[in-house]
Amino acid sequence: MKILITGGAGFIGSHVVRLFVNHYPQYKIVNLDKLTYAGNLKNLTDIENKPNYKFIKGDICDAEFIQNLFATENFQAVIHLAAESHVDRSISNPLEFVITNVMGTVNLLNAARYQFQKEGATFQKFYHVSTDEVYGSLGKDGMFTETTAYDPHSPYSASKASSDHFVRAYHDTYKLPVVISNCSNNYGPYHFPEKLIPLAIHNIKNNKPVPVYGKGENIRDWLFVIDHARAIDTIFHNAQIGSTYNIGGHNEWKNIDVIELLCDIMDQKLGRPQGTSRALISFVKDRAGHDLRYAIDASKLQRDLGWMPSVQFAEGLESTVDWYLNNDVWLQEVTSGNYQNYYEEQYHKR
Ligand code: NAD
Ligand code: TDX
């Protein structure tokens, strides 16, 4: 099977690419990524020379390019992760999110549909990776299930909700074989340091203020990224066509509690007196339209397909801190912008 993975140079995509390349030597994995600021080929140096892996730089919004790519590569499946993913950026530039997340997804759906409908077609699956943010915000109680009504609040979540609707519409209208999953907040290695956990690690390490929006009372349900990649593997191989699965860690934390725990881990790792890093916490202006609470009910995934998270938060957070402290070069290259030269240096000349 030849599988197109989009957004494979990003945070979650790189873990999914690595898992598929390493676990399925019989598959051919094509990683298509535009290499926006969020795409980093240094996330994949350990597998870049594997015979079942190929990287292609390209834009999912470029309809002609995407049609040609499908025509030449004859993919049997797509795992679609490419997206603009940062809520704060969506507040300053919503249109970019519509273009990439909605139009880019529809472009891919069109190419997959053609591939699926052509004579002698072998196209099997379009797997769309989405987020719990499409369900909106919870109060103190309750959890998102697969049947919770969509109620997005940010331009990011509105664009992801729209893309989910298009994916379902292509299933209902053209019988395109689709699967969707909606996952909670991920954390772990290769997370771009604009997001809460890697930003805090970076700032604590450099004795800079750690910005906490509002009073830090918003709640997120954190899942270790490798558990998300495992869930995608399980769903890709076993889910019924047309189905949706929620993925989550049953691991709700107030932002301020995550940051305080992180400060304490960092003090210990850096040999600083306990309490030093907590002094860096700085409460700042709240995010506009800030969703209060997310919590995922992932029981359908456990019941139907036997998936469960395997990494406890304390363990995952500590190993994430260790990873960032041991991979200072990765972090420095990301913060300096040097990582963006890697494609020209390594790939363009090939
Ligand atoms: P990311 O921002 O780290 O990576 C996105 C990748 O997509 C980057 O490599 C980028 O270069 C690529 N990309 C962007 N626009 C593109 C385009 N036009 N053409 C081709 N490639 C393009 O994002 P992430 O955090 O890894 O998220 C991946 C997917 O998972 C997204 O669809 C996101 O909505 C979803 N998701 C993320 C989380 C999370 O906690 N990060 C949780 C649930 C779902
Ligand atoms: O500096 C910060 N201070 C702060 O308090 C940042 C960057 C964030 N926050 C808060 C906002 C959120 O309540 O921390 C929480 C987590 O923020 P992000 O890391 O930006 O993630 P979030 O907005 O929850 O969205 C993430 O999870 C769902 C991903 O970025 C999305 O792509 C995914 O769909």
Side-chain angles (χ1 to χ4, degrees), residues 5-17 31-41 43-44 56-62 65-66 79-91 96-97 99-101 103-105 107-108 128-134 137 152 154 156-157 159-161 163-164 181-188 190-200 203 209-223 225 228-229 231-232 246-248 253-256 258-259 281-287 289-294 296 340 343:
I5 300 184
T6 70
F11 165 46
I12 300 169
S14 62
H15 288 280
V16 174
V17 165
N31 172 12
L32 170 71
D33 199 296
K34 183 181 174 183
L35 300 181
T36 68
Y37 81 93
N40 184 352
L41 287 174
N43 297 356
L44 290 166
I56 296 177
K57 184 176 176 183
D59 187 346
I60 57 166
C61 298
D62 183 340
F65 162 75
I66 292 292
I79 305 177
H80 175 37
L81 295 110
E84 288 294 334
S85 69
H86 191 38
V87 173
D88 293 328
R89 286 181 191 256
S90 82
I91 294 169
E96 203 175 344
F97 283 66
I99 293 169
T100 301
N101 299 358
M103 292 170 67
T105 300
N107 246 339
L108 279 174
H128 178 60
V129 175
S130 192
T131 170
D132 60 356
E133 300 200 14
V134 299
S137 182
S154 72
Y156 163 69
S157 53
S159 69
K160 291 295 292 186
S163 65
D164 293 10
S181 60
N182 297 83
C183 187
S184 62
N185 283 62
N186 286 211
Y187 70 98
Y190 304 111
H191 206 180
F192 197 84
E194 64 183 352
K195 309 278 169 66
L196 180 68
I197 288 180
L199 175 75
N203 287 11
V210 179
V212 173
Y213 297 163
K215 294 183 178 155
E217 301 210 316
N218 303 68
I219 294 172
R220 297 292 181 265
D221 179 353
W222 293 98
L223 179 71
V225 63
H228 188 188
I232 289 174
N246 279 353
I247 309 171
W253 283 75
K254 272 189 189 166
N255 290 340
I256 187 64
V258 173
I259 293 304
I281 294 173
S282 162
F283 293 96
V284 299
K285 189 168 174 277
D286 208 352
R287 173 184 278 173
H290 198 171
D291 286 337
L292 178 65
R293 175 172 166 255
Y294 303 143
I296 277 277
Q340 287 174 314
Y343 173 73

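Start at 1 and go down the list; that is how both ligands and their atoms are numbered.
- Here CG of L41 is found 4.5 Å from CG of L35. Values are rounded to the nearest 0.5 Å.
- Residue nearest to atom 4 (C) of ligand 2, selected from F283, Y213, W253: Y213 (by heavy-atom distance).
- With D132 contributing its side chain and N246 its backbone, the two residues share no donor-acceptor pair below 3.5 Å.
- Residue, atom and distance of the protein heavy atom nearest to atom 23 (O) of ligand 1 are S85 OG, 3.3 Å.
- Contacts of L35 with ligand 1, taken as heavy-atom pairs under 4.0 Å, involve the backbone alone.
- Once rounded to the nearest 0.5 Å, the distance linking CG of L223 with CG of N185 reads 9.5 Å.
- Applying the side-chain contact (heavy atoms from CB on, under 4.5 Å) criterion to I256, with sequence neighbours excluded, gives K254, E260, I281, F283.
- For atom 32 (O) of ligand 2, the nearest protein heavy atom (residue, atom name, distance) is S85 O, 2.8 Å.
- Residues Y37 and R89 have side chains in contact (heavy-atom distance under 4.5 Å, counting atoms from C-beta outward).
- Annotation: side-chain contact (heavy atoms from CB on, under 4.5 Å) contacts of L196 (sequence neighbours excluded): W222, N255, I259.
- By the 3.5 Å distance cut-off applied to N or O atoms, Y156 is counted among the residues near ligand 2.
- Every heavy atom of K160 sits 4.0 Å or more from the atoms of ligand 2.
- Contact annotation: for N185 versus ligand 1, heavy atoms closer than 4.0 Å belong to the backbone alone.
- Only the side chain of L199 comes within 4.0 Å of ligand 2, judged by heavy-atom distances.
- In this structure, the protein non-hydrogen atom closest to atom 27 (O) of ligand 1 is I12 CD1, 3.8 Å.
- In terms of protein heavy-atom proximity, atom 26 (C) of ligand 2 is nearest to N185 ND2, 3.4 Å.
- Atom NE2 of H15 and atom CG of N186 lie 8.5 Å apart (nearest 0.5 Å).
- For atom 31 (C) of ligand 1, the closest non-hydrogen atom on the protein side is L81 O, 3.2 Å.
- Between I12, V87, D291, L196, it is L196 that holds the heavy atom closest to atom 19 (O) of ligand 2.
- For the atom pair CD (E84) and OG1 (T36), the distance works out to 5.5 Å, reported to the nearest 0.5 Å.
- Closest to atom 20 (O) of ligand 2, if we only count protein heavy atoms, is R287 NH2, 3.0 Å.
- Residue contacts with ligand 1, taken as heavy atom pairs separated by less than 4.0 Å, do not involve H80 at all.
- Nearest protein neighbour of atom 34 (O) of ligand 1, counting heavy atoms only, is Y156 OH, 2.7 Å.
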